[in-house]
Amino acid sequence: MFKKEIFAKIQVPAGGKVRISDFDPGWKQVAELWSTERKPDEEATEFRAKKVLAESRTQLAEAQELLWASDTYAILIILQAMDAAGKDSTIRHVMSGVNPQGCQVYNFKVPSEEELDHNFLWRHMKALPERGRIGIFNRSYYEDVLVVKVHPEYLRKLPPGKVNKNFWNARYEDINAFERHLTRNGTVILKFFLNISKGEQRKRFLKRLNRADKHWKFSLSDMKERAYWDDYMKVFEDALSATSTEWAPWYVIPADKKWAARSIVAQIITATIQSLDLEYPEVTPEQTAQFDEARRQLENEANGPG
Ligand code: AMP
Ligand code: MG
């Protein structure tokens, strides 16, 4: 596990203005996060990261069981990123050790007509994890201040009014209030922006195009959105600056190295659940007496007929 101070390096401070360009998506920041050596060795670091991911998985499985047993908190994990940043594979790797009954993943796509007939938080409210569970939002209501801010023509069915700075500020305010409500009621929120560089996205798109078994992952709309890269960086900066709060912080995860992103995300989730100091429900003396009685009955049965 790496130390708390290191989490602080990738956590967006509440109330501050963040610049995406201050976070290196690649090896530079990974090295900074993982090593105190002057010249960290990439291969050794990769090896260590994989070990940490394996350890975190075991710890996460234990933490999740305790989360379930204590039935007080829910964990909501929000993943946002440019295409091909590794949202799906991060979910797959980080959650692979967790009991599927304690975990749920929702993918949010272009909203349906029914969804557009409601407020923009509605479909997400319906998908929130209950106490004891880990819920993952693969994309989320943040799309309503990201893709929709890049393409305001997606806004439909709203009351009349100008789509200006105040309009977007009102959305950030609503998101912060919603998340405040959730955390006050026992949902712990972790928000990850998987920060991939434009060059790495190019490489991953090319890989999808060059390998027949990866074609299904490529879509022309991803290519279209790539052309808006700078606009996306700007709306991500706006959203992260406005919505990283004490109660629901954003983490900027260096995502050019998949192994690094996975192990960092796994560690933050595990450390957060552990910090809740959960305990298994206590057994009362009365229950202990009942258990003793049940044990006695079962033992007698084994000695008897049948
Ligand atoms: P994918 O996650 O690759 O299956 O793509 C889902 C698509 O849905 C992405 O292009 C998102 O930008 C888009 N999307 C998600 N939420 C919204 C939204 N609220 N409005 C418009 N598009 C959205
Ligand atoms: Mg896609």
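Worth knowing before you read on, the calculation uses all heavy atoms, side chains too, and leaves out hydrogens, waters and symmetry mates. Order of listing sets the numbers, starting from 1, for every ligand and every atom in it.
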J.: List every atom of ligand 1 that sits less than 4.0 Å from any heavy atom of Val147, numbering the atoms from 1 in the order shown and giving each element.
T.: 12 (O), 21 (C), 22 (N), 23 (C)

J.: If the cut-off is 4.0 Å to any non-hydrogen atom of Tyr154, which atoms of ligand 1 fall inside it?
T.: 21 (C)

J.: Less than 4.0 angstrom from a charged side-chain N to a carboxylate O is my criterion; do Lys234 and Asp231 meet it?
T.: no

J.: Inspect the contact between Arg226 and Asp83 and indicate whether a charged nitrogen and a carboxylate oxygen are less than 4.0 angstrom apart.
T.: no

J.: Report yes if Val110 has an N/O atom closer than 3.5 Å to an N/O atom of ligand 1; otherwise report no.
T.: yes

J.: If you measure from the Lys or Arg side-chain nitrogens to the Asp or Glu carboxylate oxygens, is any gap between Arg156 and Glu113 under 4.0 Å?
T.: yes

J.: Can the ring centres of Tyr154 and His151 be said to be less than 6.0 Å apart?
T.: yes

J.: Determine, using ring centers only, whether Tyr251 and Phe192 are less than 6.0 Å apart.
T.: yes

J.: In this structure, which one of Trp250, Phe193, Tyr228 forms a ring-ring contact (aromatic ring centres under 6.0 Å, His included) with Phe236?
T.: Phe193

J.: So that I can tick it off, tell me whether Asp22 and Arg19 are bridged by a salt bridge, with the cut-off set at under 4.0 angstrom between side-chain N and carboxylate O.
T.: yes

J.: State the atoms of ligand 1, each with its element, that fall below the 4.0 Å cut-off from a heavy-atom position in Pro111.
T.: 17 (C), 18 (C), 19 (N), 20 (N), 21 (C)

J.: Answer side chain, backbone, both or neither: which part of Phe120 comes under 4.0 Å from ligand 1, heavy atoms only.
T.: neither

J.: For residues Thr245 and Asn176, is any side-chain donor paired with an opposing acceptor at under 3.5 Å?
T.: no

J.: Below 4.0 angstrom from a heavy atom of Asp144, which ligand 1 atoms are there? Numbered from 1 as shown, please.
T.: 19 (N)

J.: Given that the side chain starts at C-beta and the backbone is N, CA, C, O, which of these parts of Val148 lies under 4.0 Å from ligand 1, counting heavy atoms, or is it both or neither?
T.: side chain

J.: Looking at ligand 1, would Arg123 count as a contact under a 4.0 Å heavy-atom criterion?
T.: yes

J.: Would you mind listing which atoms of ligand 1 come within a distance below 4.0 Å of any non-hydrogen atom of Phe108?
T.: 15 (C)

J.: Please say whether Glu143 places an N or O atom under 3.5 Å from an N or O atom belonging to ligand 1.
T.: yes

J.: Quick one: which of Lys217, Arg139, Lys87 has a heavy atom closest to atom 5 (O) of ligand 1?
T.: Arg139

